[in-house]
Amino acid sequence: MGVDVSHAAIGASVHGQQINTENSSMDRIKIIGGRKLHGTIPISGAKNAALPLLITSLLTPDMLTLKNVPNLADVNLLLRILRNHGLDLTIDGKRAAPRNYPGETFHLSARDIVDTTAPYEMVAKMRASFWVLGPLIARCGKARVSMPGGCAIGTRPVDLHLAGLKALGAEIDIDGGDVVAAAPNGLTGNRVVFPKVSVGATINVLLAAALARGETVIENAAREPEVGDVATCLVKMGAKIEGIGSSTLHIEGRHQLEGAVHSVLPDRIETGTYAMAVAATGGDVVLEGARLDLLQAAFDALGEAGAEISETETGVRVRRNGSGVAPVSIETQPFPGFPTDLQAQFMGLMSKADGTSVIRETIFENRFMHVQELVRLGADIKLHGDAATIKGVAELHGAQVMATDLRASVSLVIAGLTAEGETTVNRVYHLDRGFERLEEKLSRCGAEIERVSD
Ligand code: UD1
């Protein structure tokens with residue numbers, strides 16, 4: 001039986017458990033470092049696939065059923081935005097065993113789009129919500145969507161999204177920080193060549209192209225597995241797409257898409273994060289449901305650092321016993337390279353390596369906010385332009401640190417797990433955006449970690 005929560009306060013309780021960005025804003029995570037990790041960690045559905053898949057539901061009046069949806073603050077926030085456009089949601093498949101984490105099954109139905117506006121108050125909180133633009137223009141012929149973070153072109157650009165949608169025939173103006181788009185006669189397929197790899201722009205154009213007339217070819221498309229997951233779902237909905245997983249996508253649009261059933265792929269960033277935690281603390285953990293093929297570059301780096309990685313029947317096993325952590329230098333790259341979303345965590349691991357490593361960030365400027373917090377824990381890190389040199393230290397020491405963004409905050413958790421004494425990570429709401437019950441998953445493997453609410 002389904003549970004109709006379409007008129008409930010989704011942000012407060014989607015799955016019957018409380019995850020609320022506002023209420024968790026004052027929570028802290030306390031860690032006593034030094035415990036090895038042993039056991040099993042279930043890997044949740046991927047946040048970065050779940051978000052665009054939820055948005056995909058806007059493309060059809062029929063029901064899209066998504067399985068393995070993670071319970072995250074970002075998911076709940078996006079649902080609020082989508083409800084504003086007219087989406088109805090029912091959830092079923094209650095957890096049979098509370099000690100497991102099978103993701104929830106969402107039934108999403110956007111029979112009528114009642115509002116084609118996505119206002120600043122909503123979009124500003126989460127960049128991915130900007131991806132409603134393509135589907136709204138494609139289905140309704142118009143949309144008004146606030147630019148993420150306000151007047152964002154430049155520092156947080158969406159130029160590639162807009163250029164791609166223009167190529168499909170959308171007329172686009174900027175008005176008071178909003179993107180105002182119109183395509184009264186619908187969109188028409190075209191060739192879109194991205195000068196730079198962008199996950200978001202690829203998804204926005206892919207979603208729009210699925211309802212455009214004729215064929216769209218996206219060149220230099222992002223190859224991230226989450227893009228592939230969205231494309232696979234679109235195929236189930238009736239779109240014809242070739243080249244999934246490659247950098248050239250051929251999309252044959254349809255006049256109307258149908259409903260479908262799709263399961264969100266496992267979260268490779270959560271997988272890599274826990275793998276790095278095990279490599280940092282030592283121990284032996286099976287990451288249940290994880291897939292090696294989604295994260296080869298990061299697993300290669302972990303192998304070089306001294307972790308043993310193997311595929312098991314249920315997932316991926318990560319071990320480090322006895323040996324220290326060898327220094328490994330990496331550079332972030334679009335998929336299949338080393339993911340930028342694991343850069344901070346890898347730096348946490350390298351902080352205690354037996355030697356010096358260099359980490360270069362090539363995707364985002366300024367993605368080094370975790371450095372000063374890791375230094376508070378005793379790490380020896382020097383920044384120079386887009387690179388950081390990390391001289392491994394024998395010991396980190398517990399301290400008060402501040403989470404600054406989603407991935408940065410979890411690097412502090414990894415460092416805290418290996419530090420002597422107590423580490424407190426403040427501003428935990430960043431973690432709740434992307435990690436499902438992190439402290440529970442880690443403590444069940446022996447970590448001394450707890451959430452403290454004021
Ligand atoms: C997505 C992921 C994020 C990940 C990132 C890179 C989600 C919800 N977020 O973010 O976790 O870190 O991919 O793997 O899936 N750019 C432009 N113009 C644009 C768009 C992007 O110049 O119009 C630039 C960005 O500033 C950045 C680079 O392209 O330097 C890559 O960004 P992009 O792949 O678009 O990241 P997101 O889709 O926002």
Side-chain angles (χ1 to χ4, degrees), residues 45-56 69-70 72-75 77-78 81 123-134 145 147-149 152-167 172 174 179 192-208 218 220-231 247 264-265 267-273 294-295 297-298 331-346 360-370 386 405-411 430-431 433-435:
K47 170 180 89 74
N48 286 357
L51 298 179
L53 284 166
L54 290 170
I55 293 173
T56 301
V69 180
L72 299 170
D74 268 9
V75 166
L77 181 59
L78 181 61
I81 294 169
V123 180
K125 289 185 183 160
M126 187 178 39
R127 189 174 162 79
S129 55
F130 185 74
W131 305 352
V132 299
L133 183 64
V145 178
M147 285 197 283
I153 286 188
T155 46
R156 299 187 66 191
V158 288
D159 54 330
L160 302 176
H161 298 241
L162 302 187
L165 294 170
K166 275 185 190 165
I172 292 185
I174 308 293
V179 174
V192 176
V193 185
F194 285 123
K196 181 174 188 175
V197 177
S198 162
V199 172
T202 303
I203 287 178
N204 226 331
V205 173
L206 171 65
L207 293 176
I218 306 179
N220 202 22
R223 296 163 61 189
E224 269 65 7
E226 294 76 20
V227 176
D229 209 30
V230 172
S247 55
V264 179
L265 94 171
D267 197 316
R268 67 196 166 98
I269 303 305
E270 190 194 26
T271 301
T273 299
L294 300 181
L295 203 60
E331 179 174 296
T332 62
Q333 288 291 341
F335 190 85
F338 190 101
T340 174
D341 285 351
L342 285 173
Q343 179 257 106
Q345 297 89 315
F346 199 68
R360 190 173 298 280
E361 171 59 57
T362 74
I363 310 287
F364 290 106
E365 299 158 28
N366 254 337
R367 206 180 197 183
F368 282 129
M369 262 122 60
H370 43 286
D386 64 354
D405 71 42
L406 172 56
R407 311 306 178 185
S409 49
V410 83
S411 76
H430 287 295
L431 281 174
R433 289 188 44 216
F435 288 92

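Both counts, for ligands and for their atoms, begin at 1 and track the order of listing. Numbers here simply count residues along the sequence, with the first being 1.
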**Q** Looking at R268 and E226, does any basic side-chain N land under 4.0 Å from a carboxylate oxygen?
**A**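 Salt bridge between R268 and E226, a charged N being under 4.0 Å from a carboxylate O: yes.
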**Q** With heavy atoms under 4.0 Å as the rule, classify the contact between E365 and ligand 1 as side chain, backbone, both or neither.
**A**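 For E365, no heavy atom sits under 4.0 Å from ligand 1.
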**Q** Is there a polar contact between ligand 1 and L51, counting only N or O atoms under 3.5 Å apart?
**A**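 Among all N and O atoms of L51, none is under 3.5 Å from an N or O of ligand 1.
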**Q** For the side chain of D386 and the backbone of T362, is there at least one donor-acceptor N/O pair under 3.5 Å apart?
**A**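 Side chain of D386 to backbone of T362, a donor-acceptor pair under 3.5 Å: no, none is there.
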**Q** I want to confirm something. Looking only at heavy atoms, which of S129, A201, P157 is nearest to atom 20 (C) of ligand 1?
**A**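 Considering heavy atoms of S129, A201, P157, the nearest to atom 20 (C) of ligand 1 sits in P157.
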**Q** List ligand 1 atoms under 4.0 Å from G200, heavy atoms only on the residue side.
**A**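 Near G200, meaning under 4.0 Å from one of its heavy atoms, ligand 1 has 35 (O), 38 (O).
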**Q** Would you mind running through ligand 1 and noting each atom that sits below 4.0 Å from a heavy atom of T340?
**A**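 So the atoms of ligand 1 that pass are 6 (C), 12 (O), 14 (O).
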**Q** Using a 4.0 Å cut-off to any heavy atom of R367, which atoms of ligand 1 qualify?
**A**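 What qualifies from ligand 1 is 12 (O).
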**Q** Between V199 and ligand 1, does any nitrogen or oxygen pair lie at a separation below 3.5 Å?
**A**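 Yes, since at least one N or O of V199 sits under 3.5 Å from an N or O of ligand 1.
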**Q** Record the part of D341 in heavy-atom contact with ligand 1 below 4.0 Å; permitted values are side chain, backbone, both and neither.
**A**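 Only the side chain of D341 comes within reach of ligand 1.
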**Q** Any idea which heavy atoms bring A73 and R433 closest together, and the distance?
**A**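 Minimum heavy-atom separation between A73 and R433: CB-CA, 3.9 Å.
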**Q** Ignoring hydrogens, what is the shortest heavy-atom contact between A128 and I55? Give both atom names and the distance.
**A**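 Closest approach of A128 to I55, heavy atoms only: O-CD1, 3.5 Å.
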**Q** Could you list the residues that satisfy side-chain hydrogen bond (donor to acceptor under 3.5 Å, both in side chains) with N220, not counting sequence neighbours?
**A**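 None.
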**Q** Does K196 have a heavy atom less than 4.0 Å from any atom of ligand 1?
**A**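 Within the 4.0 Å threshold, so yes.
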**Q** Where's the contact between L162 and ligand 1, heavy-atom distance under 4.0 Å: side chain, backbone, both or neither?
**A**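 L162 to ligand 1: no contact under 4.0 Å from either part.
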**Q** For ligand 1, does S198 get within less than 4.0 Å through its side chain, its backbone, both, or neither, judged by non-hydrogen atoms?
**A**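 Both backbone and side chain.
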**Q** Going by the rule side chain to side chain contact (heavy atoms under 4.5 Å, CB included), which residues pair with T340 if we only count those two or more places apart in sequence or in a different chain?
**A**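 Expected list: T332, E361, I363, F364, R367.
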**Q** Which ligand 1 atoms, with their elements, are less than 4.0 angstrom from a heavy-atom of W131?
**A**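 Here the atoms of ligand 1 in question are 7 (C), 8 (C), 15 (O), 38 (O).
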**Q** Check each atom of ligand 1 against the heavy atoms of R127 and keep those under 4.0 Å away; list them by number with element.
**A**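 By the 4.0 Å cutoff, the relevant atoms are 39 (O).
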**Q** Could you measure the distance from the CG atom of D74 to the CE atom of M126? Nearest 0.5 Å is fine.
**A**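 These two atoms lie 5.0 Å from each other.
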**Q** Consider side chain to side chain donor-acceptor pair (under 3.5 Å). Of R360, E331, R407, H370, which one does Q343 pass it with?
**A**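 When R360, E331, R407, H370 are each tested with Q343, the side chain to side chain donor-acceptor pair (under 3.5 Å) holds only for H370.
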**Q** Using a 3.5 Å cut-off on N or O atoms only, is A128 in polar contact with ligand 1?
**A**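 No.
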**Q** Specify the closest pair of heavy atoms between I269 and P339, including all atoms of both residues, with the distance to one decimal.
**A**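 In this case the closest contact between I269 and P339 is CD1-CB, 4.1 Å.
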